[in-house]
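In what follows, a structure is listed as structure tokens, so that the remarks can point back to it.
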Amino acid sequence: MKKDIEWTKIGFSYIKTDKRFVSNYKDGSWHDLGLIDDDKIILNESAGVLQYAQTCFEGLKAYTTVDNKIVCFRPDLNAERMYDSCTYLEMPPYDKDKFVEAIVKTVEGNIDYVPPYGTGATLYIRPYMFGSNPVIGVKPADEYQFRIFTTPVGPYFKGGAKPIVIRISDFDRAAPKGTGHIKAGLNYAMSLHAIVDAHNKGYAENMYLDPATRTKVEETGGANFIFVDKNNTVITPKSTSILPSITRRSLLYVAEHYLNLKVETREIFKEELKDFKECALCGTAAVLSPVGKINDHGEDITYNMDSMGEITKKLYDTLIGIQLGTIEAPKGWIKVIKE
Ligand SMILES: *Cc1c(COP(=O)(O)O)cnc(C)c1O
């Protein structure tokens, strides 16, 4: 039976659910514990994650489709990205197929927390891994834990998608050859000061520029950018220090194959921002969130402040339709957890 939760009233915060998946890495291999009840982790005071931040994560959602199936969206790409994050952080990657199986198991164990269709709410899934044994000399840990927990989250936009105002940041998110391309917890730790500062000054997000030349657009702290130009071409920045968003890759496919629009992935210079017609952020949490205004050190670049731009809206409606089962999905995009 579904849990007694007011699905349309919950926000984006942690609510404990019944089960979490755990696997431990020791003596060179992974040992699955499977689903457990305990939400607490006991660690040594010198655990690698606590001293040297050796941790990475993923984020995806399970939700109910129009025909009442419980599904998630392209979990194979989360498996692949986590594999890459682990490799770069000198952590032992978890097998990609087993990753998807573990996602399915975790959602099955919390099936009564998957919000019903039409509420806008979803079950957010958080896979993550961390170095768990004591480390004091700087080196990778020898033991690791891989876990997946879930938490129901509310609709990202309560009362419609209102365009946000962001600023061009003087802080950097990633170093040119650093960790910007992987989903490392440390990227978020160092973005906290910048986002608190932005919020204090009235901006919803930071637009980070490329750290080497500060002339090109990268992304925000947790979402990629897409732009639409005067010819309705959908353009997204190219850089080795951007996190490869699954939502962004899916939206580009939708633009090209469902909406017959031209798409480009290329370097985007700050000077070009004023020439675009639409700007939006994309990521799992909101899918697409329209940007109404970008503040560049006191000067405003303005798009549409009243509502989502026309192309942004089409992209949004199509991807949401694919996810919720009202529009046919490309092969392999929807992983059915419960028929
Ligand atoms: C997770 C994340 C995104 C969004 O990726 P999705 O796969 O679309 O959810 C974008 N930027 C950063 C820095 C991220 O960590």
Side-chain angles (χ1 to χ4, degrees), residues 12 53 55-63 72-86 88-89 96 99-100 103 122-129 148 150-151 153 156-157 164 166 169 171-176 178-195 198 204-211 217-227 234 236-255 265 268 279-291 312 315-316 318-320 322-323 333-335:
F12 204 94
T55 180
C56 61
F57 67 97
E58 274 303 322
L60 66 163
K61 289 165 166 179
Y63 49 89
C72 60
F73 184 70
R74 308 188 80 180
D76 52 317
L77 296 188
N78 296 97
E80 210 171 288
R81 193 168 64 188
M82 183 138 182
Y83 196 98
D84 295 342
S85 297
C86 290
Y88 197 81
L89 290 173
K96 292 179 205 170
F99 176 102
V100 175
I103 296 281
T122 57
L123 186 69
Y124 185 74
I125 308 165
R126 170 55 59 90
Y128 61 114
M129 191 190 290
I148 306 171
T150 61
T151 184
V153 294
Y156 197 83
F157 299 123
I164 55 171
I166 67 174
S169 172
F171 300 105
D172 290 322
R173 186 190 87 86
T179 54
H181 62 299
I182 60 166
K183 223 167 164 72
L186 61 92
N187 292 342
Y188 282 77
M190 60 165 284
S191 75
L192 295 177
H193 177 64
I195 193 65
E205 279 292 347
N206 287 299
M207 169 183 273
Y208 292 105
L209 300 178
D210 74 295
V217 175
E218 294 250 304
E219 59 170 321
T220 67
N224 284 180
F225 279 107
I226 62 155
F227 298 95
V234 179
T236 180
K238 182 176 183 165
S239 156
T240 52
S241 44
I242 291 177
L243 197 278
S245 156
I246 294 163
T247 315
R248 184 247 301 162
R249 287 180 270 164
S250 304
L251 286 166
L252 284 200
Y253 184 92
V254 163
T265 302
I268 296 177
C279 170
L281 305 181
C282 60
T284 295
V287 178
L288 264 177
S289 139
V291 173
T312 305
L315 285 168
Y316 180 81
T318 310
L319 189 60
I320 290 280
I322 288 171
Q323 292 183 334
W333 278 25
I334 304 295
K335 174 82 186 166

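Atoms within each ligand, like the ligands themselves, are counted from 1 in listed order.
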Less than 4.5 Å apart, side chain to side chain, heavy atoms only: is that true for [X] and [Y]?
X      : Y      : answer
Pro127 : Asn78  : no
Phe227 : Val217 : yes
Ile320 : Leu288 : no

Open item on the list: Counting the benzene-type ring for Trp, do Phe12 and Tyr124 have ring centres under 6.0 Å apart?
Closed with: yes

TODO: Would you please indicate yes or no on a ring centroid separation below 6.0 angstrom for Phe99 and Tyr83?
DONE: no

Open item on the list: Checking Thr265 now: which residues fulfil side-chain contact (heavy atoms from CB on, under 4.5 Å) with it, not counting sequence neighbours?
Closed with: Thr236, Lys238, Leu252

Just the distances, no angles: every ligand 1 N or O to protein N or O pair closer than 3.5 Å, one line each.
{"from": "ligand 1", "atom 1": "7 (O)", "to": "Arg81", "atom 2": "NH1", "distance (Å)": "2.8"}
{"from": "ligand 1", "atom 1": "7 (O)", "to": "Arg81", "atom 2": "NH2", "distance (Å)": "3.1"}
{"from": "ligand 1", "atom 1": "7 (O)", "to": "Ile246", "atom 2": "N", "distance (Å)": "2.9"}
{"from": "ligand 1", "atom 1": "8 (O)", "to": "Ser245", "atom 2": "OG", "distance (Å)": "2.6"}
{"from": "ligand 1", "atom 1": "8 (O)", "to": "Ile246", "atom 2": "N", "distance (Å)": "3.3"}
{"from": "ligand 1", "atom 1": "8 (O)", "to": "Thr247", "atom 2": "N", "distance (Å)": "3.0"}
{"from": "ligand 1", "atom 1": "8 (O)", "to": "Thr247", "atom 2": "OG1", "distance (Å)": "2.6"}
{"from": "ligand 1", "atom 1": "9 (O)", "to": "Thr284", "atom 2": "N", "distance (Å)": "2.9"}
{"from": "ligand 1", "atom 1": "9 (O)", "to": "Thr284", "atom 2": "OG1", "distance (Å)": "2.5"}
{"from": "ligand 1", "atom 1": "11 (N)", "to": "Glu219", "atom 2": "OE1", "distance (Å)": "2.6"}
{"from": "ligand 1", "atom 1": "11 (N)", "to": "Ala223", "atom 2": "N", "distance (Å)": "3.4"}
{"from": "ligand 1", "atom 1": "15 (O)", "to": "Lys183", "atom 2": "NZ", "distance (Å)": "2.7"}
{"from": "ligand 1", "atom 1": "15 (O)", "to": "Tyr188", "atom 2": "OH", "distance (Å)": "2.3"}

